[in-house]
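Small disclaimer: the values here were computed from a predicted structure and weren't measured. Order of the sequence lines fixes the chain letters, A, B, ..., with proteins taken first and strands second; residue numbering starts at 1 for each chain.
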Protein chains: 2
Amino acid sequence: MKTRESDYHHGDLRQALLQAARQTLEQNGPSSLSLRELARRVGVSHAAPYRHFTSREELLIALATDGFDELTSRLRAAEKATGTLQGMGQAYVGFAVENPSLYKLMFSPELDRRRPELLAEAAAAAFGLLREQTTADDGERSGTLAAWALVHGLSQLLIDRLLSEELLAADRLPALVTAVLGHLRVEPPGNP
Amino acid sequence: MKTRESDYHHGDLRQALLQAARQTLEQNGPSSLSLRELARRVGVSHAAPYRHFTSREELLIALATDGFDELTSRLRAAEKATGTLQGMGQAYVGFAVENPSLYKLMFSPELDRRRPELLAEAAAAAFGLLREQTTADDGERSGTLAAWALVHGLSQLLIDRLLSEELLAADRLPALVTAVLGHLRVEPPGNP
DNA sequence: TTTCAATGTTGACAGTGCCTACTTTGAGGT
DNA sequence: ACCTCAAAGTAGGCACTGTCAACATTGAAA
């Protein structure tokens, strides 16, 4: 690997900032996530981030978008591996529990207004997968909606620690998700 | 009503601040909710709020606590009026949709750490009602959990506008909630 | 009437987002 | 090999914020 003589130019500041942001996000929560702090952490001046993000909000949006992409790929993998709604639900909740602050950020009210297309698309991709898995043949979509709401709500409850703490253990999650999803009546997308 | 000669003392600054906070919260979102702005709005100096709240966070906590109390009383009313899970679900989602920013605040990650007892208690009261309505006699609680996660998740999806906008109309909500809850299998708390 | 704790005010400090003007650098065209 | 120039980084400043300490005003209790 080549070491650069002068480090005036960082090399890949954008990625370094995102990475540092993700780290401090999960460690200290979203309140302390300031551009200046990130710049300090990466060893760069306080205005440097503005060469890569036009505002703090855009940095957050980039974080959230990456999050949705990651969630999508994990859902896709679970779909390939198990092909069941339970499997995808476990993947969904697993992601949320492993990245609680990021998951919260993805649905943060600070990103509500002007939610840009990138974010919307990434989110739609993730949820579209769930939709395929649950669309019934009665033309109704409420089954999809119910499943979606269920995993989303369960994730939030777990993250917010409104359930008993033990349920957060990774080896307990699959059973929990299966049990909760078991209360759902949806026709599988099979033959009519 | 008596008008006070000098307005050095506000009268009920704490309540006025909370009220103003709630207003700006629903109007401009949570980002612009600053103590100084509130003080300005209420016509008081920038440090006056600190006589009633030791920090900005505590102001937010008070807001959230009030929110949980309100939600609880609405759930209680719905329980008395309808006695059904659907009725309570409609009340729950209705509250969330009518006070989207407040609802988000109630589950905001900024209040995660040190979530004080008051908040936890108020939240527990609200969710305890749901629990009564769904506890099956098999000793299992996953039914309660499923119902809870369902209304919570549905509320979030609606607030975040991840569903088609028309569903947000007040007259559409009851049907939507009923449809979604219809996909839930829970034994009513009746006789064995 | 006097006292005093509760409630407001002023001024200051550090931290933040973001803007403008300046500097350094590496890559591409001649 | 040189020049150029846009991309990427720096320095400084502005307006705003949360929070603290010191001071001012007040209504109500003693």
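In this structure the side chain of Phe95(A) never reaches within 4.5 angstrom of the side chain of Leu75(A), judged on heavy atoms. At a threshold of 4.5 Å between non-hydrogen side-chain atoms, the residues Gln86(A) and Val177(A) do not count as touching.
Comparing Leu13(B) and Ser55(A) against DNA chain C, the residue whose closest nucleotide sits nearer the 5' end is Leu13(B).
Side chain to side chain, Gln90(B) and Thr82(B) fail the donor-acceptor criterion of an N or O pair below 3.5 Å.
When rounded to the nearest whole Å, the span between CZ of Arg41(A) and P of dT16(C) equals 13 Å. A straight line from NE2 of His52(A) to C1' of dG17(C) spans 17 Å, rounded to a whole angstrom. Rounded to whole Å, atom C1' of dG8(C) lies 15 Å from atom CZ of Phe53(B). Summarising the geometry, the separation between CG on Leu38(A) and P on dG15(C) is reported as 16 Å, rounded to the nearest angstrom.
For the side chain to side chain donor-acceptor pair (under 3.5 Å) test, no residue two or more places apart in sequence or in another chain qualifies with Gln156(B).
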Atom pairs under 3.5 Å: protein N/O with N/O of nucleotides 15-17 of chain D:
from, atom 1, to, atom 2, distance (Å)
dT17(D), OP1, Ser34(B), OG, 3.2
dT17(D), OP2, Arg40(B), NH2, 2.6

Under 3.5 Å, N/O pairs linking protein and nucleotides 19-22 of chain C:
from, atom 1, to, atom 2, distance (Å)
dA21(C), N6, Arg51(A), NH2, 3.3

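Taking 4.0 Å as the cut-off between side-chain N and carboxylate O, Glu79(A) and Arg74(A) do not count as a salt-bridged pair.
For the side chain to side chain contact (heavy atoms under 4.5 Å, CB included) criterion with Trp148(B), the lone passing option out of Val180(A), Leu162(A), Leu154(A) is Leu162(A).
The CG atom of Asp171(B) lies 11.5 Å from the CG atom of Leu176(B); values are rounded to the nearest 0.5 Å.
Ring planes of His152(A) and Phe107(A): tilted class, angle from 30 to 60°.
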